[in-house]
Amino acid sequence: MAKRTKINTLLNSPEPIDDVLVKGWVRTRRDSKTFSFIEVNDGSCLKNIQVVADGSLGNYEDVKKITTGSAVSIQGKLVASQGKGQHWELIATQVNLIHMAPEDFPLQKKRHSDKFLRSIAHLRPRTNKYGAIFRIRSELSYAIHHFFKQRDFRYIHTPIITSSDCEGAGELFRVTTMPLDNLPLKDGKPDYLNDFFGKETGLTVSGQLAVEMFALSLGDVYTFGPTFRAENSNTSRHVAEFWMVEPEMAFCDLEGNMDLGEEMIQDLCGTILQNCKEDIELFARFVDKSLMKTLEGIINSSFVRLPYLEAVDILKHSNKKFEFKIKKGMDLQSEHERYLTEEHFKKPVIIYDYPKDIKAFYMRLNDDGETVAAMDVLVPKIGEIIGGSQREERLSVLEQRIAETALSKDTYWWYLDSRRFGSVPHSGFGLGFERLLMLLTGVSNIRDVIPFPRTPNSIEF
RNA sequence: UCCCCAGUAGCUCAGUCGGCAGAGCAGAUGGCUGUUAACCAUCGGGUCCGCGGUUCAAGUCCGUGCUGGGGAGCCA
């Protein structure tokens with residue numbers, strides 16, 4: 001018996017093959033009087049293979065009953081198709097039903113709403129669109145590692161469980177082994193001395209502080225893994241569990257940081273456009289008609305780099321009416337970011353040198369004493385896709401900033417240590433993996449680019 | 001958490017001024033000589049999101065709850 005061959009291999013075959021074995025799921029069946037066409041998909045590519053099942057097959061009566069969603073194993077000949085829609089087709093010599101899907105199989109051979117598919121997230125990767133999304137997601141993960149490998153970056157596995165909110169980026173999911181229905185208390189508060197780690201702990205909100213320690217030893221490094229934010233965010237751009245790519249570079253200033261962010265987005269867009277051509281075309285046709293133009297624009301022209309103060313100036317002098325009037329010193333609102341990247345420049349924009357009061361303590365204070373060496377990369381439709389900075393490498397300035405923000409110096413003793421021993425300028429950023437996927441596919445809801453999305457009040461799967 | 005919108009057959013949706021609950025797809029059955037989300041015919045299929053109210057009469061109007069979505073804030 002022939003070994004199973006995947007459909008993408010067959011469809012790319014340079015010549016007919018006498019005996020092949022295909023296994024997959026039936027997308028649709030079309031009957032004629034004396035034979036049937038069966039469209040089979042095995043997830044290896046977007047396209048199905050067309051199987052011709054002739055009436056002379058011993059079990060043809062059963063073949064005619066095969067439903068959409070059923071699993072089949074088919075042996076046959078790969079031959080040039082007589083029909084117009086495909087180069088190759090499979091003339092079946094044997095059709096075996098592995099498992100019959102009953103009539104209540106929810107996926108039909110037509111388009112479903114994303115809303116409905118979200119309610120059957122366990123089955124949605126069997127559709128064309130979601131199959132494509134998750135093939136691209138896989139390819140993008142690989143491309144990220146490849147990008148860094150080419151540039152001699154080391155991959156660091158930063159911890160998932162962390163002690164306290166020392167990363168300073170949003171609400172923490174608690175990690176504890178203490179019985180919640182009988183919490184050991186001390187002075188009315190949970191007694192974490194009795195907890196597993198003897199300390200208050202949570203899931204990571206960023207690997208940055210940890211990965212900085214490795215930049216200051218291995219040079220250029222990155223971490224790429226799951227990140228958790230217990231924010232009660234209900235938007236199309238937020239989930240409670242997402243993946244983040246965080247490079248960190250020693251001996252690197254803000255400009256080098258911006259260079260890497262820009263180069264990375266351009267490189268990854270180019271790689272996916274090349275390696276996932278067929279899947280991307282599906283999105284360009286059915287999801288976002290302007291996708292190709294957007295992606296080509298990103299790849300072929302450099303990003304705008306704009307100091308925060310100039311951004312404020314542009315917004316002030318625009319004729320656009322904003323809900324929130326722009327003022328120097330305030331953080332840019334969504335509508336401001338969207339105006340800059342979607343209307344004014346119509347391309348990705350990097351805004352840098354933000355007022356220190358609206359940014360984190362670890363960002364390097366500029367010489368003006370007012371701004372910090374922070375940068376955000378904004379892209380059309382999504383907004384912020386990268387947030388990063390040059391880090392404060394001067395111990396005294398860092399201690400001062402920690403004091404100003406009412407954080408505890410003791411918690412950060414090890415972080416501060418890195419500034420005591422061979423401290424050097426260094427920079428890094430966080431890139432939202434799912435947001436990059438949204439940019440690449442034109443998918444407008446982040447819940448649709450992650451296998452099983454976690455959002456407030458929603459964790460069915 | 002706040003503002004706005006939606007919820008009708010398994011799915012996508014229509015339902016006019018408050019007056020008998022509809023179509024396409026899917027399913028079942030039959031037909032059709034190569035189809036391309038095949039096509040043609042017939043049949044089965046409803047807690048109109050829940051609760052309360054107005055009315056002779058509510059899918060439709062009002063109140064409320066739930067669920068989902070869009071926007072805001074937070075950010076990746």
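Below, chains carry the letters A, B, ... as their sequence lines are ordered, and counting in each starts from 1.
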Novice: Check for me whether A:Arg151 meets the cation-pi criterion with A:Phe147, that is, NZ or CZ under 6.0 Å from the six-membered ring centre and within 45 degrees of the ring axis.
Specialist: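 Yes, A:Arg151 lies over the aromatic ring of A:Phe147.
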Novice: Quantified in whole Å, what is the C1' atom distance between nucleotide B:rG46 and nucleotide B:rG10?
Specialist: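 So the two C1' atoms sit 12 Å from each other.
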Novice: On the six-membered ring of A:Tyr339, is A:Lys320 placed so that its NZ or CZ lies under 6.0 angstrom from the centre and within 45° of the ring axis?
Specialist: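 No - A:Lys320 does not lie over the ring of A:Tyr339 by the 6.0 Å and 45° rule.
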Novice: Between A:His145 and A:Tyr222 (judged by ring centroids, cut-off 6.0 Å), do the two rings come close enough to count as a pair?
Specialist: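 Under 6.0 Å, so yes.
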Novice: With A:Asp114, which residues qualify under salt bridge (Lys or Arg N to Asp or Glu O under 4.0 Å), at least two apart?
Specialist: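 For A:Asp114, the residues satisfying salt bridge (Lys or Arg N to Asp or Glu O under 4.0 Å) (neighbours in sequence not counted) are A:Lys129.
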Novice: Let me know the distance between CG of A:Leu172 and P of B:rC75, rounded to the nearest Å.
Specialist: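 Whole-Å distance recorded here is 15 Å.
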Novice: Given the C1' atoms of B:rG18 and B:rA58, what is the spacing between them in whole Å?
Specialist: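 Looking at atom C1' only, B:rG18 and B:rA58 are 6 Å apart.
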Novice: So, OP1 or OP2 of B:rA38: does either fall under 4.0 Å of a side-chain N or O from A:Ser32?
Specialist: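 So the side-chain polar atoms of A:Ser32 never come under 4.0 Å of the phosphate oxygens OP1 or OP2 of B:rA38.
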Novice: Could you check how far CH2 of A:Trp88 sits from C1' of B:rU36, rounded to whole Å?
Specialist: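 Computing the A:Trp88:CH2 to B:rU36:C1' distance gives 19 Å.
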Novice: Mind checking whether A:Asn48 and A:Thr28 have side chains closer than 4.5 Å, heavy atoms only?
Specialist: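 A:Asn48 vs A:Thr28: side chains apart.
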Novice: Kindly give the atom pairs (protein nitrogen or oxygen, nucleotide nitrogen or oxygen) under 3.5 Å for nucleotides 27-30 of chain B.
Specialist:
unit_1	atom_1	unit_2	atom_2	d
B:rG27	O2'	A:Glu103	OE1	3.2
B:rG27	O2'	A:Glu103	OE2	3.3

Novice: With heavy atoms under 4.0 Å as the rule, sort A:Glu89 into base, sugar-phosphate or nothing.
Specialist: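 A:Glu89: base contact, heavy atoms under 4.0 Å.
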Novice: Using the six-membered base ring of B:rG34, report whether A:Phe37 stacks on it, requiring centroids under 5.5 Å and planes under 30° apart.
Specialist: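 One would not call A:Phe37 stacked on the B:rG34 base.
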